[in-house]
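What you are looking at is a predicted structure, and each value in this text was computed from that prediction instead of being measured. We count residues from 1, following the sequence as given.
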Amino acid sequence: MPYSVVSGFMSGIGVILIILQLSPLLGQAAPAGGVMGTLSALPNIIDNMKFSELFLGVVTLAILFLFPKAYRRYVPAQLVALVAVTILSVVMFSTDDIRRIGEIPAGLPSLVIPHFNAEIFTEMVIDALVLGTLGCIDTLLTAVIGDSLTRKEHDSDKELRGQGLANMLSGLFGALPGAGATMGTVTNIQVGARSPISGITRALVLALVVLVAGGLTEPIPMAVLAGIAVYVGFNILDWSFIQRAHKVSFAGMAIMYGVMLLTVFVDLIAAVGLGVFISNIIIIERLSREQARQVKAISDADDDDLPLTDSERGLLDKANGKVLFFYLSGPMIFSVSKAISRQHTSISDYEVMILDLTDVPMIDVTVGLALENAIKDALEAKCSVYLLCPNEKTREQLEKFHVIDLVPDANTYKFRYEALNAAIRHVERHDGSSAELLPLN
């Protein structure tokens with residue numbers, strides 16, 4: 001996935017977190033409608049904001065941003081802010097003045113045995129596939145964000161297997177399906193977590209809170225949690241790339257900001273999908289220009305880019321412009337087909353065309369068809385075709401396309417000097433002349 005896309009949805013998620021926490025930060029309940037609902041209700045939220053909760057949120061943010069780095073390795077700034085501001089709120093404000101988390105239901109959930117019904121089985125399967133796909137994408141996007149923050153590489157198969165097993169088991173207890181939690185992951189990384197043990201520890205702490213320590217979380221102000229979430233969102237923003245994007249590439253900058261805006265105002269999946277699609281189109285276009293330069297059709301040896309020995313160059317010069325040396329190199333993808341068609345347009349001016357695929361490790365169907373058209377055009381113009389294709393994989397691909405059938409076995413060679421010698425002999429026979437061939441190195 002292009003980094004401009006990764007940066008875009010990282011920053012988009014950061015913006016979403018900040019916007020969604022504006023309401024609780026100002027002492028109001030979060031309005032319905034997500035980002036758009038919050039933005040449309042923002043004037044009303046500001047008019048009715050509670051300065052007491054805003055004060056607690058600002059103090060929380062101040063602690064998070066100003067907490068000395070020297071102490072962060074020993075205790076997370078988020079934990080310090082949570083405990084300190086919660087105590088401050090208990091001392092300064094009454095329970096009714098501040099919105100707090102309140103009571104958390106304690107105890108373990110009951111086992112729920114699923115019941116399958118033939119009438120809704122199809123609907124169940126379709127819903128499961130949709131939820132599973134969205135969950136996989138969400139989890140892998142979160143994993144990519146984690147990779148960018150930790151400079152590590154996740155194991156996609158392991159992540160998805162773990163998620164699938166967890167959802168299956170939790171579903172037996174009536175839980176809704178879950179996926180990678182971007183906010184929790186980023187917070188975890190920011191406080192120093194680097195291994196799966198941190199996730200296990202988090203689950204154990206949550207279980208402890210639910211089972212026996214629910215009373216400890218009851219007085220936590222919602223504004224404190226909002227302040228912590230705003231801090232997380234601020235840090236998710238890819239400031240490093242945002243500062244350099246306009247200097248690196250206009251296309252990369254446009255994709256990054258486009259993905260970010262689509263993530264915020266439309267949909268994360270649509271943003272990533274469109275960003276990857278446009279990035280791939282741009283990359284293919286750039287690769288096409290570079291690969292087009294590797295398609296050369298010459299009738300003399302003046303081009304120094306061709307990998308010809310001195311004797312091979314002498315043979316090509318001896319043809320007096322009647323042999324077209326058609327040289328391709330590198331992987332040939334579909335976008336190169338136009339360059340191939342353009343290079344052999346004047347094939348009727350030559351008596352022999354040498355199609356050199358020695359340095360081509362791979363061709364796709366479109367290029368195979370373009371080569372087929374080039375060979376057919378040459379044959380129709382009474383131009384003999386000699387094929388150089390020593391690479392077995394490339395030859396197998398040509399055989400699958402039936403391109404190899406257009407060239408007789410006698411005109412197929414493994415070495416350039418053999419093909420050039422044969423081309424010179426053909427030209428001399430056609431002209432009714434004979435000359436001594438140049439010695440080969």
Side-chain angles (χ1 to χ4, degrees), residues 1-21 34-36 38-39 130 133-156 159-160 179-183 185-186 189-190 229-294 330-339 364 366:
M1 185 178 293
Y3 187 79
S4 56
V5 177
V6 176
S7 176
F9 73 71
M10 280 178 60
S11 298
I13 290 173
V15 173
I16 289 174
L17 284 176
I18 293 173
I19 293 175
L20 292 182
Q21 300 308 313
V35 171
M36 297 305 297
T38 300
L39 292 178
V130 172
T133 302
L134 293 176
C136 289
I137 294 173
D138 193 14
T139 295
L140 295 181
L141 290 177
T142 301
V144 170
I145 292 176
D147 288 348
S148 66
L149 295 175
T150 61
R151 303 296 187 268
K152 294 184 179 180
E153 185 175 353
H154 71 279
D155 186 334
S156 299
E159 295 287 346
L160 296 182
T182 303
M183 180 177 171
T185 300
V186 172
I189 293 172
Q190 286 177 350
V230 168
Y231 177 75
V232 171
F234 182 84
N235 285 312
I236 290 179
L237 292 171
D238 191 5
W239 296 109
S240 175
F241 191 72
I242 289 174
Q243 294 171 356
R244 296 177 293 170
H246 63 284
K247 300 178 182 179
V248 176
S249 165
F250 176 80
M253 180 187 69
I255 290 172
M256 189 272 287
Y257 282 113
V259 170
M260 183 177 70
L261 292 174
L262 287 172
T263 300
V264 174
F265 296 108
V266 182
D267 178 70
L268 173 62
I269 306 302
V272 172
L274 188 60
V276 170
F277 175 77
I278 295 176
S279 297
N280 286 339
I281 293 296
I282 293 174
I283 291 298
I284 289 173
E285 193 271 336
R286 291 176 179 173
L287 288 176
S288 299
R289 290 202 302 264
E290 293 300 320
Q291 281 300 104
R293 298 173 185 172
Q294 305 304 319
M332 293 287 110
I333 59 176
F334 63 89
S335 54
V336 186
S337 58
K338 185 176 180 179
D364 72 354
T366 307

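Between F241 and Y3, the ring planes lie perpendicular to each other; the angle is over 60°, past the 30° to 60° tilted range.
Atoms CG and CD1, on L262 and I255 in that order, are 11.5 Å from each other to the nearest 0.5 Å. Distance check, rounded to the nearest 0.5 Å: CG of L39 to CE of M36 gives 6.0 Å.
Each side chain to side chain donor-acceptor pair (under 3.5 Å) pair with one or both residues in residues 244-255, not counting sequence neighbours, appears once here: S240-R244. Sorted by first and then second residue, the pairs that involve residues 268-288 and meet salt bridge (Lys or Arg N to Asp or Glu O under 4.0 Å), not counting sequence neighbours, are E285-R289. Listed by first then second residue, pairs satisfying ring-ring contact (aromatic ring centres under 6.0 Å, His included) with a partner in residues 257-277 number zero, not counting sequence neighbours.
The two residues T142 and G180 make their nearest non-hydrogen contact at OG1-O, 3.4 Å. Here the shortest heavy-atom pairing between G252 and S4 reads O-CB, 3.5 Å. Taking every heavy atom of both residues into account, V276 and P2 meet most closely at CG2-CD, 4.5 Å.
Side-chain contact between L140 and S156 is present, with heavy atoms from C-beta onward closer than 4.5 Å.
Remark: A143 engages H154 in a side chain to side chain contact (heavy atoms under 4.5 Å, CB included) (not counting sequence neighbours). Scored by the side-chain hydrogen bond (donor to acceptor under 3.5 Å, both in side chains) test, T38 finds no partners at all (sequence neighbours excluded). Residues satisfying the side chain to side chain contact (heavy atoms under 4.5 Å, CB included) test with K152, not counting sequence neighbours, are T150, R194.
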Going by atom type alone, with no hydrogens or angles, which donor-acceptor pairs under 3.5 Å involve a side-chain atom of residues 5-21 and a protein atom two or more places apart or on another chain?
residue	atom	partner	partner atom	Å
S7	OG	D238	OD2	2.9
S11	OG	S7	O	3.1
S11	OG	D238	N	3.1

